[in-house]
Colleague: 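The structure under discussion is supplied below as structure tokens; questions concerning it will follow.
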There are 2 protein chains.
Amino acid sequence: MTAFLPTKPATLHDVAKAAGVSLITASRALGNPGIVSEKTRVRVEQAVEATGYIPNLLAGGLKSKRSRMVAGIVPALSVSQFLPTVQTLTAALHEEGYQLLLGQTFYDAEREEEVLAAMVSRQPDGIVMMGLVQSERARERLRRLRVPVVETWDMSDRPVDMVIGFSHLKVGSALAGYFLAQGYERIGIATGSDHRAMQRREGFLAAWGRDVPTAVVPAPSTLERGRLALGELMERQPGLQAVMCSSDMLAHGILVEARARGLRVPQDLAVTGFGNAEFGAHMVPSITTVHVDGPEIGRLAAHLIMDRCRGVASAQTRHDLGFHLIERGSTAQP
Amino acid sequence: MTAFLPTKPATLHDVAKAAGVSLITASRALGNPGIVSEKTRVRVEQAVEATGYIPNLLAGGLKSKRSRMVAGIVPALSVSQFLPTVQTLTAALHEEGYQLLLGQTFYDAEREEEVLAAMVSRQPDGIVMMGLVQSERARERLRRLRVPVVETWDMSDRPVDMVIGFSHLKVGSALAGYFLAQGYERIGIATGSDHRAMQRREGFLAAWGRDVPTAVVPAPSTLERGRLALGELMERQPGLQAVMCSSDMLAHGILVEARARGLRVPQDLAVTGFGNAEFGAHMVPSITTVHVDGPEIGRLAAHLIMDRCRGVASAQTRHDLGFHLIERGSTAQP
DNA sequence: CTGTTAGCGCCTTCAC
DNA sequence: GTGAAGGCGCTAACAG
């Protein structure tokens with residue numbers, strides 16, 4: 001009946017007219033079907049079909065103050081560490097009619113502020129950060145904003161709002177404990193330069209008790225940089241027995257370089273990674289690593305934010321998901 | 001002066017009052033500084049500082065019909081193939097004050113329609129798809145919408161709107177040509193089940209001239225599945241000499257499994273991948289692969305969409321970026 | 001260069 | 001259960 005050429009997209013007003021009800025009734029039939037009569041609801045739904053109506057969520061958000069968008073901020077999309085988290089976050093939000101706005105900081109505090117400002121302008125119902133918010137100014141602004149903020153992949157006594165993650169210091173000390181138990185003495189560290197990797201190094205050193213030659217590689221952590229790191233460490237530490245790496249890809253590079261130099265792993269050189277990437281479990285030798293439940297971080301972040309939006313906030317602001325060490329062939333004989 | 005407690009966030013109205021100008025002048029001072037007087041601009045900027053004003057882009061978008069958001073849709077974030085594209089897309093959009101809304105289809109046509117509908121409700125100024133839009137219904141809807149749509153990582157005679165990519169058929173036939181030139185005879189294919197990988201297989205078979213044993217692995221393509229695929233292919237093709245893989249990670253799995261079985265690469269078994277992942281260049285042996293300029297796809301997509309928004313659209317709707325084969329150690333002696 | 005007027009499309013508040 | 005106003009925050013379109 002109202003099948004005009006779609007010169008102008010249909011608005012709720014058109015739907016209401018087609019259904020013979022008022023605008024607000026049409027709105028309720030779609031947004032809160034329980035409170036209108038069955039008959040009305042059906043007629044409105046038919047009118048939606050007939051008009052090809054697509055709701056404008058921007059307009060809805062303007063009045064209702066709920067944009068149904070969540071900002072998700074990563075250092076860079078190429079940091080594969082965070083991908084499972086972003087994936088489940090996006091999927092869980094989608095289930096509830098929320099969408100993710102993606103931003104990248106490139107490990108730069110200034111860009112972080114810029115990206116956060118850009119996100120905030122879009123009135124997100126929540127903000128999920130991979131890592132802690134670096135800039136103190138940004139932390140302060142976010143606090144004032146009264147928007148749920150979830151920092152992830154780290155732990156803090158003083159989060160902006162909520163935090164889901166684990167202690168990188170403890171990961172480091174757990175690895176040091178493992179190295180000690182294995183009896184390694186001349187060791188090295190190959191690490192990315194980001195805050196979290198450096199925290200793991202700190203934790204390692206604290207438990208290890210003395211300084212350790214360290215090759216710091218710029219982001220992103222690639223296989224090639226792992227290879228170069230081994231070269232550097234072997235020069236600096238004669239008789240190198242074991243290397244702790246800040247990612248599985250760096251560890252992979254160490255394995256490749258070790259083989260190229262004729263070193264047997266783990267007999268001549270032991271290697272550990274971080275992140276439990278899929279490939280590490282199935283290589284030969286497989287890579288000893290630290291596992292963190294990345295997907296769960298994303299799911300939990302989504303739910304914490306959506307609960308806040310619904311007003312069913314829990315008091316718990318710190319969620320420590322822990323980690324565990326997975327011993328594999330790169331440090332131990334099968 | 002107006003440093004009240006931030007009970008209500010400042011609006012442009014507050015800024016205008018603080019600056020002693022009208023609302024619209026304040027709007028122009030921020031959105032189009034060139035057309036107001038220097039003095040006015042400075043006063044408005046000071047008022048912004050004083051009030052802590054943060055623009056509400058939702059409200060602006062409602063009136064101006066420009067949301068300054070672009071939808072970016074991937075099969076899944078874990079498909080690392082697309083990451084460089086999404087990364088540059090997001091970054092290029094950010095430069096111009098646009099943000100990316102992220103969606104995932106999980107290779108499912110129904111979810112694709114769902115995600116597109118959700119995105120469209122947010123009034124994006126453009127839509128970037130990784131891959132072609134599958135569902136015919138969704139294609140038709142997108143056409144009506146009069147929103148710039150860029151399909152990527154593929155080529156089509158009949159894109160919804162614009163397409164940036166290359167021909168997967170040609171990639172396949174190029175690989176077959178290479179296999180023929182190398183003199184391989186008993187070969188196999190290990191491939192993901194997605195449309196693009198299957199197109200490469202089709203192209204390969206067409207140029208190869210006869211059927212080839214194929215191990216189809218479910219998404220995502222992992223190292224483990226590569227290992228399993230080699231087992232399957234060796235059973236089905238005695239004397240296997242070479243395997244074409246649909247991704248570098250699958251090829252990596254083949255290499256691992258080959259070594260585990262005591263096969264030398266490339267002497268006993270040659271392997272090719274796809275995507276030119278960083279690790280493939282630096283492993284030993286390095287992986288022969290097909291390179292595609294993923295970052296450029298993202299940049300170009302961003303610019304095509306932003307040009308359309310500015311009305312400076314070019315007539316070219318198909319952008320074939322091509323590809324090239326990179327010969328490395330997994331098929332050739334150094 | 002600046003201001004007034006009139007909405008964008010929807011949802012909240014209050015009536016009926 | 002339904003409806004009539006009014007306004008969310010901002011910006012096009014005209015005027016001055």
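Labels below follow one simple rule: chain letters A, B, ... track the order of the sequence lines, proteins then strands, and each chain is numbered from 1.
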Colleague: Is the phosphate of D:dT11 approached by B:Ser27 (side-chain N or O, under 4.0 Å from OP1 or OP2)?
Modeller: yes

Colleague: Roughly, in whole Å, what's the span from CD in A:Glu38 to P in D:dG1?
Modeller: 12 Å

Colleague: Please give, in whole Å, the distance from D:dA13 P to B:Leu23 CG?
Modeller: 17 Å

Colleague: Side chain of B:Ile24 only, please: which of D:dA13, D:dT2, D:dC8 is the nearest?
Modeller: D:dA13

Colleague: Measure from NZ on B:Lys63 to P on D:dG9 and round the result to the nearest Å.
Modeller: 16 Å

Colleague: Looking only at side-chain N and O atoms, does B:Gln99 offer a donor or acceptor that is under 3.5 Å from a partner on A:Arg122?
Modeller: yes

Colleague: Quick one: B:Ile54 CD1 to D:dC10 C1', roughly how many Å, whole number?
Modeller: 16 Å

Colleague: Could you tell me whether A:Lys65 and A:Asp125 have a side-chain N and a carboxylate O separated by less than 4.0 Å?
Modeller: no

Colleague: Do B:Gln104 and A:His94 have side-chain atoms, one donor and one acceptor, less than 3.5 Å apart?
Modeller: no

Colleague: Could you give the CZ-to-P distance, from B:Arg122 to C:dC8, as a whole number of Å?
Modeller: 21 Å

Colleague: Is the backbone N or O of A:Val160 less than 3.5 Å from a side-chain atom of A:Glu151, with the two atoms forming a donor-acceptor pair by type?
Modeller: yes

Colleague: Using atom CG of B:Asn32 as one end and atom P of C:dC1 as the other, report the distance to the nearest whole Å.
Modeller: 11 Å

Colleague: Under 4.0 Å between a side-chain N or O of A:Thr11 and OP1 or OP2 of C:dG9?
Modeller: no

Colleague: Assuming nearest nucleotide by heavy-atom distance, tell me which of B:Ala59 and B:Arg28 is located more 5' along DNA chain D.
Modeller: B:Ala59

Colleague: Let's see if you can work this out: which of C:dG3, C:dC10, D:dT2 has an atom nearest to the side-chain heavy atoms of B:Ser22?
Modeller: C:dG3

Colleague: A:Lys65 NZ to C:dT12 P: how many Å, rounded?
Modeller: 12 Å

Colleague: What is the separation between atom CZ on A:Arg66 and atom C1' on D:dC8, rounded to the nearest whole Å?
Modeller: 15 Å

